[in-house]
Amino acid sequence: HAILGLAETAGVAHVDTAAGYGDSEHRIGSALAPDSPLGIVTKLPPHLTDGEPTAQEVAQRVHVAIDRSLWLLGRTRLEAVLLHRFEHFEAAEGVIWRTLRALQDEGRIGRIGASVYRPEELSALLASPEVGLVQLPFNILDRRWLEPKVQRAIAARPDVILHGRSALLQGLLTIDDPSQWPISDADLARRCIAGLQAAAKSLGREGVADLCFAYARAQPWLSGIVVGGETAAQMGA
């Protein structure tokens, strides 16, 4: 309640959740008032195609998942629903995506899209006119998304909302001990840490975390940044 209350007053636009995030949907649904200004972006379960189901069975799983998310979140309509895995975009002969489109036509879902990991996945999604929202990993050290080919594909779809996650690389970029970086080249880790700290200082940022968030916010093609918060103190900061 405290975290979401702070999010509302701070002007946060959306809450990101998923069927696969434990009891997250239930907790959010219990805490949010029906008239909350926070939009909800959720994801389908990650295991829709487990067990070699038929296309009809997969479609039924999608319907059950959406019904469950609506019930847990206390909503009659979901603002956005993403595929938890890009592979589900074409899985089961495309039935998952077609089912989402049908539910969208019924007015039960707003935008549909997917959570991706690689630029080629983003490009494939942007080629589909129905895609309305994509979540992707982006941070100050990751320049894959700035390649001209990728940027051209993004520019061709101004109607698609792009949300960047992992601006801190799951917290790694704020760690100043090179031995805790999951790379074998300790010298590279030290240089990354020193470079980030020097950039934060020279640009007048409050620290590396502030630098990383500012860098992500400065990207004109990103509509928003997905940031995790475990406590009200973190949200307040």
Test item: H63 and T99 side chains (from C-beta on) under 4.5 Å apart, heavy atoms: yes

Residue pair L203, L211: steps toward the side chain to side chain contact (heavy atoms under 4.5 Å, CB included) verdict: CA-CA 8 Å; L203 294 171; L211 170 73; 3.8 Å; yes

H84-H47 aromatic ring centre distance below 6.0 Å: no

Q56 atom CD: more than 12 heavy-atom contacts under 6.0 Å: no

Ion pair K43/D16, N-O distance below 4.0 Å: yes

Single-linkage hydrophobic cluster I183~L173, side-chain heavy atoms < 4.5 angstrom: yes

Partners meeting ring pair (Phe, Tyr, Trp, His ring centres under 6.0 Å) with F89 (sequence neighbours left out): W97

Interatomic spacing from CD1 in I3 to CD in E8 - rounded to 0.5 Å: 12.5 Å

Any donor-acceptor N/O pair, R75 side chain to L73 backbone, under 3.5 Å: yes

Atom CD of Q170 with >12 non-hydrogen neighbours under 6.0 angstrom: no

Under 3.5 Å: donor-acceptor pair, side chain of T9, backbone of L6: yes

Beyond-backbone contact of L126 with I154, side-chain heavy atoms, under 4.5 angstrom: yes

Minimal non-hydrogen separation, V12 against H14, with atom names: CG1-O, 3.3 Å

Spatial distance of atom CG (L222) from atom CH2 (W145) [nearest 0.5 Å]: 10.0 Å

Exam field: side chain E121 to backbone Y117, donor-acceptor pair closer than 3.5 Å: yes

Side-chain (S36) to main-chain (L32) donor-acceptor, under 3.5 angstrom: no

Side chain proximity check, L136 to H163, heavy atoms < 4.5 angstrom: no

Close side-chain approach of F138 to R165, heavy-atom, < 4.5 Å: no

F86 reachable from V95 in the ILVMFWY side-chain graph, under 4.5 Å edges: yes

Same apolar cluster: I28 and L72, side chain cutoff 4.5 Å: no

Side-chain touch N139/S166, heavy atoms, less than 4.5 angstrom: no

Lys/Arg N to Asp/Glu carboxylate O, R85 vs E87, below 4.0 Å: no

Pairs where residues 228-237 contributes a residue and the test side chain to side chain donor-acceptor pair (under 3.5 Å) is met, not counting sequence neighbours: none

Residues E130 and S128: side-chain donor-acceptor under 3.5 angstrom: yes

Main-chain N/O of L188 paired to D185 side chain as donor or acceptor, under 3.5 Å: yes

Test log, rule side chain to side chain contact (heavy atoms under 4.5 Å, CB included), inputs V62 and L103: CA-CA 10 Å; V62 174; L103 289 166; 4.3 Å; yes

E90, CD atom: more than 12 neighbouring heavy atoms under 6.0 Å: no

Chi angles and distances behind the side chain to side chain contact (heavy atoms under 4.5 Å, CB included) call for S69, L78: CA-CA 8 Å; S69 290; L78 297 171; 4.2 Å; yes

Donor-acceptor contact below 3.5 Å, side chain R111 vs main chain G132: yes

4.5 Å side-chain heavy-atom contact, T174 and L172: no

Transitive ILVMFWY side-chain link V81 to V15, under 4.5 Å: yes

Backbone N/O of E57 and side chain of Q60: donor-acceptor pair under 3.5 Å: no

Donor-acceptor contact present, side-chain R118 to main-chain R144, <3.5 Å: no

Non-hydrogen side-chain atoms of W181 and I193 separated by less than 4.5 Å: yes

Salt bridge flag under 4.0 Å for residues D67 and R108: yes

Side-chain ion pair, D105 and R101, N-O less than 4.0 Å: no

Side-chain donor-acceptor pair present, E25, T17, cut-off under 3.5 Å: no

Donor-acceptor pair, side chain of Q104 and main chain of G110, under 3.5 angstrom: yes

L48 and R61: CA distance, side-chain angles, deciding distance, side chain to side chain contact (heavy atoms under 4.5 Å, CB included) verdict: CA-CA 7 Å; L48 288 172; R61 290 180 181 183; 3.9 Å; yes

Shared hydrophobic cluster, V41 / L44 (ILVMFWY, side-chain heavy atoms < 4.5 Å): no

Non-hydrogen side-chain atoms of I109 and I66 separated by less than 4.5 Å: yes

